[in-house]
Structure formats: structure tokens, C-alpha cells
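As C-alpha cells, the structure follows; a few thoughts come after it.
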Amino acid sequence: MAEQKMSKPWKIRAYKLLAVLFVLFAFFQSLVFSNTPQIDMRAVVTVLGIDSVPGGRFKTSAHILVPVAAGETKSSQDLIESEGSSLAEAIDNLSVTNGTKVEISQCGMVIFGKTLSEKDVLEHVKMLMSDGRVSAGVVLISADKLEARDFLEKHSKMSDESSTNVNSFISFFENSLYMPTLTMIRFLANSTTESRSSFLPCIELKENMSEDTGSSGGSGGEGGGSSGGESAPVSKTKIESISTIVIFRDGKRVGILDNVETSGLSWTDKRSKRGFIQLDKFEEFGREYQNIAGKVSSKKASMKYLFKDGKPVLKVKVRAKIGLLDHQMFTYDLDKAKLSDIKVVNMLDRRMSDKIQSEIDAAINAVKRLDSDFMRLRYNFFRMKNKEMTKYESDPNNDFIRDLTVEYDIKCDVR
């Protein structure tokens, strides 16, 4: 009897424990089910645009993807926008104006509009970096002739018309010789080193009118067509230019490189392995050639930093393998003029090497023209030749940009 009496309190405690566990289980289950719709309602930002608007305010625009089921997404290029008195507030207001939770951690590209690019970009890059919601590896782009919001609107039209979008286009060109790209962390690192200079790729979209031949009606008969057979003009958006870059010093824009200067910067970029080169117009073998194009299949570039007679000397070495795109161009020379294969190839090797050197020269001259060391030449001299550079800089009569000489060792293998 005593054992039975003592067991009753334990039974009561066991029932209470089971009741508590049941309540906790029901509570957490309700949280899981109540959060499911919220997850489905979240919007993921793929491209973020930032503009400066009157009154010291900021406008953010974004392309979003909205999940509709587990493992699926609605691949629409929905464009949302918001404003705020600060950049952080403008980003937060994207969720408010859209009515759903907006996630920017998956954003692959940030575009600065024309007005903002002309002001201090560095402070906004620092804000995005410190905020932590955008990945440090996001690619930064400048829309030099458009505000970011207008750019994204045109980008939406381009994505709807074809499978090509800016994200895939940028990824392709990162390893080409057309356009060096910078991530947010690299832009910040370059801007805070001794050179205090960096750059952003400049991209431009343009609308062209083309005829819509797929929706025309039947012809009006032989000898004349009716109005039903006429094709209607259709506006189509395409990438017009992606071969120039904007230069920044202390976070402020100081100029823009043209196509030749940008190409010269690309030749010295070790990450760039492939690309395109073209000889515009020249005379050889008693005749004129033009638009001789080649595809760069591989490239190696290196730079050495030396001092000769107390002055800085930059040695640039480039090795490139180039496949000629139109061999038929030289059929006449080989057959009629009885030139050897090797003579033509040697001529092309020399011409293309000279072309590469002239483009690198243009980029280095741009450093002098803009007084902005976006190639980090002075920084690398300090890093590689600190003792000699410190002694050189101690003389107030020395001027690094003025005194710098460049020696080239460029060889092309044209096939």
C-alpha cells in the first residue's frame, strides 16, 4: 500500500510533463506552418541599382525573383524601387514598397547611376561593405549615360527579348580582353591603398528599331503589296558598349578611358586569358589590308619593377596565342605573289605585337593624363622595390609619373 501511495505523485508528474511536451510540440508546429507562406513571399534581388536624387536622397531599384514553390522560382524580371534619406534606408524601403521581404544577399551586381557616379562612390561602397547584406564579391558597374533605374528598365526589356542578360554578359567578359571587372572588395582595397585610385566598368544599353517580319499579313497580289503585308518596326534593346571604364580617385570620378586605353589595361591584367584583337588598316607586300581579326586563345602577362640610374623602369612582358579568323584574306599573297607561309605569319606576329604595345602605352599615358594611378604602378614599385622607391621619393625634384619609362617584351604566336 505504501508503494502504491508513493507512486501516485510520480504519475501525476509524468502526466504534467507529457502535457507540457505536447503544448511545446504544438507551438513549434504552428511556427513552422505559419512561416511557410512568409518564405514563399520573399523576393530575391539579382541586380541592384543605386541613384542620387534631388534633396540629398537616394533611390534604389532592383530586379527580383519571387519563389513560388520549393525548389522553383518565377524567372520574371520584376522591377521594384524605393527612396530614402540615406542609402541604407532606401534599401530597407524596398521591402516596404514591395510588400514582401526583400533579400539582397544573393545580389550579383550593383549598378551606380550617372548622377551618383559623378559624386563620391567610395562612401557608398563602404556602406554596402559594412552593412554586410550584400556579398563582398558582388560586381560593381557604372551606367555612365543613364540613371540606374532607367538602365534596369532597359535591361528588363533586353532579358525578355532574349536569353542574354547583363549578369551572364559580365561573367563572359571577366575572362576576356574587352573589360576588366572589379568586385566590391577589390574596388574598396584599391581605393584605400597608396594610389587611392580604382575603376569601374562602364556599360551602355541602347534601343534600336527593327522590322518585325514574323507578324506580317498576306501579300496583296503580284505587282504590288497591300498594307497588311508591311512589317511593323519593333524596339529592341541591346548592349551597345561595354569596352570602356570609369576612373575614380579618392572615390570621385576623374575621367573615362576610351576603347584603346581600356584594352591596354586588359592586356596587363593577369586574370584575363582570352579575347579579340583587330588590325584596322595597314600596307604590306605592296597592297592594303584592313580589319584583320584574331581570337586570343591564351595570354600571359607580367610586369617587373626596376630602377636604372635612380629612375623607375617598368618592364612589361606579354605572350599571346592568336588564331587568325580569316585565312582567305592572304590567299592572293600566298598564291600570286609567291610569299612563303612563314613570311605572312611573321608579319602578323609583328603587327599584332605592335598593336598590343600601342594599347598598353595608351593605358599608361592615361595614368599620366588623369593623374590617377588606377594601374597601381606606384603602389607596386613600393611593394617590390621599397628601399629604392623610398630613396627616390625622398628627392622633391623627382616625379614618378614623369620619370617612369616602360620597356616592352611582347610576342604573338599567330596561327
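Atoms CG and CD1, from D258 and I245 in turn, are 10.0 Å apart once rounded to the nearest 0.5 Å. For the atom pair CD of E83 and CG of L94, the computed distance is 11.0 Å after rounding to the nearest 0.5 Å. If you take OH on Y289 and CG on L348, they are separated by 8.5 Å, rounding to the nearest 0.5 Å. Distance CD1/I111 to CD1/I141: 7.0 Å, rounded to 0.5 Å. Atom CG of L257 is separated from atom CG of L265 by 7.0 Å, given to the nearest 0.5 angstrom. If you take NZ on K308 and CD on E388, they are separated by 13.5 Å, rounding to the nearest 0.5 Å.
Considering only heavy atoms from C-beta on, L140 stays 4.5 Å or farther from V121 through its side chain. Between L122 and F248 there is no side-chain heavy-atom pair separated by less than 4.5 Å. Residues I364 and T268 fail the side-chain proximity criterion, which asks for heavy atoms closer than 4.5 Å. Looking only at side-chain heavy atoms (C-beta outward), M303 and V316 come within less than 4.5 Å of each other. A heavy-atom distance below 4.5 Å is not found between the side chains of L128 and V138. For the pair T46/Q106, no side-chain contact is recorded, criterion being any heavy-atom separation below 4.5 Å from C-beta on. K355 has its side chain out of reach of F282: every pair of non-hydrogen atoms, C-beta onward, lies at least 4.5 Å apart. Inter-residue side-chain proximity for L324 and V345 is flagged as unmet; no heavy-atom pair is nearer than 4.5 Å.
Every pair passing ring pair (Phe, Tyr, Trp, His ring centres under 6.0 Å) that includes a residue from residues 395-415 is listed here, sequence neighbours excluded: F381-F400.
Listed by chain and residue number, S197 satisfy the side chain to side chain donor-acceptor pair (under 3.5 Å) test with S372 (two or more places apart in sequence, or in another chain). In this structure, E103 has no side chain to side chain donor-acceptor pair (under 3.5 Å) partners at least two apart in sequence or on a different chain. In this view, N93 satisfies the side chain to side chain donor-acceptor pair (under 3.5 Å) rule with no residue, not counting sequence neighbours. For S52, the side chain to side chain contact (heavy atoms under 4.5 Å, CB included) partners two or more places apart in sequence, or in a different chain, are T115, L116, K119. Annotation: side chain to side chain contact (heavy atoms under 4.5 Å, CB included) contacts of K411 (sequence neighbours excluded): R319, D409.
Heavy-atom contacts from other residues, nucleotides or ligands closer than 6.0 Å to CD of E407 number more than 12. More than 12 non-hydrogen atoms from other residues, nucleotides or ligands lie less than 6.0 angstrom from CE of M127. Counting heavy atoms of neighbouring residues, nucleotides and ligands inside a 6.0 Å radius, atom CD1 of I185 does not exceed 12 of them.
The minimum heavy-atom distance linking E359 with S263 is given by the pair OE1-OG, 2.8 Å. Across I322 and V296, no two heavy atoms sit closer than the pair CG1-CG2, 4.2 Å. For the residue pair S198 and S191, the shortest heavy atom distance occurs at CB-OG, 3.6 Å. Across every non-hydrogen atom of I64 and A43, the tightest pair is CD1-CB, 3.9 Å. Between I256 and E261, the closest heavy-atom pair is O-OE1, 4.3 Å. Here the closest non-hydrogen pair linking K270 and S302 is CE-CA, 4.4 Å.
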Inset, instruction - Could you walk me through whether I91 and D131 pass side-chain contact (heavy atoms from CB on, under 4.5 Å), step by step? - result: CA-CA 11 Å; I91 293 175; D131 182 73; 5.7 Å; no
Inset, instruction - Output, in order, the C-alpha distance, side-chain angles, deciding distance and verdict of side-chain contact (heavy atoms from CB on, under 4.5 Å) for K321 and R415. - result: CA-CA 8 Å; K321 290 183 179 181; R415 299 178 181 182; 4.1 Å; yes
Legend entry - Stepwise side-chain contact (heavy atoms from CB on, under 4.5 Å) test for V125 and F112: CA-CA 10 Å; V125 174; F112 293 104; 3.9 Å; yes
Legend entry - salt bridge (charged side-chain N to carboxylate O under 4.0 Å, His left out) evaluation trace for D92 with R133: CA-CA 11 Å; D92 290 337; R133 286 180 291 179; 2.6 Å; yes
Inset, instruction - Dump the intermediate steps for side-chain contact (heavy atoms from CB on, under 4.5 Å) on L79 and E153, then the final yes or no. - result: CA-CA 7 Å; L79 178 62; E153 187 175 31; 4.2 Å; yes
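Of the possible polar contacts, none joining the K299 side chain to the V318 backbone as a donor-acceptor pair under 3.5 Å is found. A side-chain donor-acceptor contact under 3.5 Å links S82 to the backbone of A90. A donor-acceptor pair is defined here as one N or O able to donate and one able to accept, closer than 3.5 Å; no such pair exists between the side chain of K295 and the backbone of L325. Using modelled atom types, no side-chain atom of D309 and backbone atom of K311 make a donor-acceptor pair closer than 3.5 Å. Of the possible donor and acceptor atoms, one in the side chain of N398 sits under 3.5 Å from a partner among the backbone N and O of Y392. Counting only distance, with no hydrogens or angles, the side chain of K281 and the backbone of E288 share no donor-acceptor pair below 3.5 Å. Counting only distance, with no hydrogens or angles, the side chain of D51 and the backbone of R149 share a donor-acceptor pair below 3.5 Å.
A salt bridge does not link D399 with K368: none of the charged nitrogens is closer than 4.0 Å to a carboxylate oxygen. Ion pair D250/R196 flagged as a salt bridge, since at least one NZ, NE, NH1 or NH2 atom sits closer than 4.0 Å to an Asp/Glu carboxylate oxygen. Ion pairing of E147 with K59 is absent here, as no side-chain N (NZ or NE/NH1/NH2) approaches a carboxylate O to less than 4.0 Å.
A distance below 6.0 Å separates the ring centres of H124 and F58.
Across I277, D280, L279, a single residue satisfies side chain to side chain contact (heavy atoms under 4.5 Å, CB included) together with I292, and that is L279.
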